[in-house]
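Just so you know, ligand 1 is whichever comes first in the structure, and atom 1 is the first atom listed for that ligand.
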Amino acid sequence: MTAQAGYQQGELDGMPRPLFRVSPSRLLAWLDCPRRYRMQYLDRPRPAVRTQRGHTSVGLAVHNALRDWWDLPDGRRTPEAGAELVRTSWIDVGFRDDAQSARWRTMAQQQVVDYLRGLDPAVQPRGIERTVSIRTAALAVQGRIDRLDERDGQLVVVDYKTSRSAPTDDEARTSLPLALYAAAAWKMFRRTCVRVELHHVPSGTVASHVHTGESLRRKLAEAESIARDARAAEDDYAQLGVDSTRFPTSVGPLCAWCDFRAHCPAGQAAGPEKPDWAALEG
Ligand code: SF4
């Protein structure tokens, strides 16, 4: 059975299929590696995931601090308060040792202070970690936006980045999650939302792109295409379980970081695993 045929089976039976419910990250997981997708979303009991890596701990602490900062009363929204929030939300997991954790905590605090210096604490965003959703004929996409700004009568999607290298405008342009968030926000709030931004907290760089209604429609079509393949594979899995051949391994550089490589001989054979703190060095 082809992917297309599997997708249409319910329609041929005259039974409208329920919408396929996905998040943008789930769609990207399918593109990255179908085997990992299966282990992450379908296999039950779910294969054990490795412990959290250091850069994930840093990213979570920064995201949480930038979220909670907006809950402070207006007068207490100072850059220094952001540094304190990094301290209180610090997750001491995945670092080489206490010294590395402490060094990164100090760096993250300074990065947040510098980033918050560029914000006006009196201008409350339209949403913080706002869940948005949008439906198409076959798909229900739901995700969470780090920050939704309102500027000059339009909505702007803001996504925080804490990676080592700064994102580019091209990454903002091609990002499927950002486009889906924009389309969903536009639909939910009935307000134009075409601008998407990646805010790189370590450097203060803002990578951006301004979509059009047409480019957002193209991204929705792209999401539907990915979902069509994933859903056909899930249908096969419902019949065959782990004997389904629709979840091949996708061996590559990501295997060194994969949370499920302990359950994947092909990924292990591809090379050594990166240490928990590898992304914090260099
Ligand atoms: S180790 Fe590599 S091939 Fe295996 S599941 Fe992870 S990403 Fe896929």
Inset, instruction - Using atom types as modelled and distance alone, determine if a side-chain donor or acceptor of Asp169 lies under 3.5 Å from a backbone N or O of Ala207. - result: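 Such a contact is absent between Asp169 side chain and Ala207 backbone.
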Legend entry - Gln100 (side chain) donor-acceptor with Arg96 (main chain) under 3.5 angstrom: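 At least one qualifying donor-acceptor pair exists.
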Mark up the atoms of ligand 1 that fall under 4.0 Å of a heavy atom belonging to [X], in ascending order.
| X | value |
| --- | --- |
| Thr249 | 3 (S) |
| Gly267 | 1 (S) |
| Arg261 | 1 (S) |
| Arg36 | 5 (S) |
| Cys33 | 3 (S), 5 (S), 7 (S), 8 (Fe) |

Inset, instruction - Using the six-membered ring of Tyr237, assess whether NZ or CZ of Arg38 lies under 6.0 Å from its centre and within 45 degrees of the ring axis. - result: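 Negative - Arg38 is either too far from the ring of Tyr237 or too far off its axis.
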Legend entry - Closest protein heavy atom (residue, atom, distance) for atom 6 (Fe) of ligand 1: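 I find the closest protein heavy atom is Cys258 SG, 2.4 Å.
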Inset, instruction - Measure the distances from the heavy atoms of Met39 to every atom of ligand 1 and state whether one is below 4.0 angstrom. - result: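 Yes, that is the case, since the closest heavy atom of the residue is under 4.0 Å from the ligand.
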Inset, instruction - Could you tell me whether Ser250 approaches ligand 1 through its side chain, its backbone, both or neither, with non-hydrogen atoms closer than 4.0 Å? - result: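 Ser250 to ligand 1: backbone contact only, side chain stays beyond 4.0 Å.
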Inset, instruction - Report the part of Cys255 in contact with ligand 1, treating N, CA, C, O as backbone and CB onward as side chain, heavy atoms under 4.0 Å; options are side chain, backbone, both, neither. - result: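 Near ligand 1, Cys255 shows its backbone as well as its side chain.
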Inset, instruction - Give a yes or no on whether Cys264 keeps an N, O or S atom under 2.8 Å from atom 4 (Fe) of ligand 1. - result: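 Checking Cys264: at least one N, O or S atom is under 2.8 Å.
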Inset, instruction - Using the six-membered ring wherever Trp is involved, compare the ring planes of Tyr160 and Tyr115 and label them parallel, tilted or perpendicular (cut-offs 30° and 60°). - result: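 The rings of Tyr160 and Tyr115 stand perpendicular, inter-plane angle above 60°.
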Legend entry - Parallel, tilted or perpendicular: rings of Phe260 and His263 (30°, 60°):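 Answer is tilted, since the angle falls between 30° and 60°.
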Inset, instruction - Please tell me if the side chains of Trp186 and Val194 come closer than 4.5 Å, counting only heavy atoms from C-beta onward. - result: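 Result yes, sub-4.5 Å side-chain heavy-atom pair found.
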Inset, instruction - Assess the side chains of Arg26 and Tyr37: does a donor N or O sit below 3.5 Å from an acceptor N or O? - result: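 There is such a pair (donor and acceptor under 3.5 Å, judged by atom type) between the side chains of Arg26 and Tyr37.
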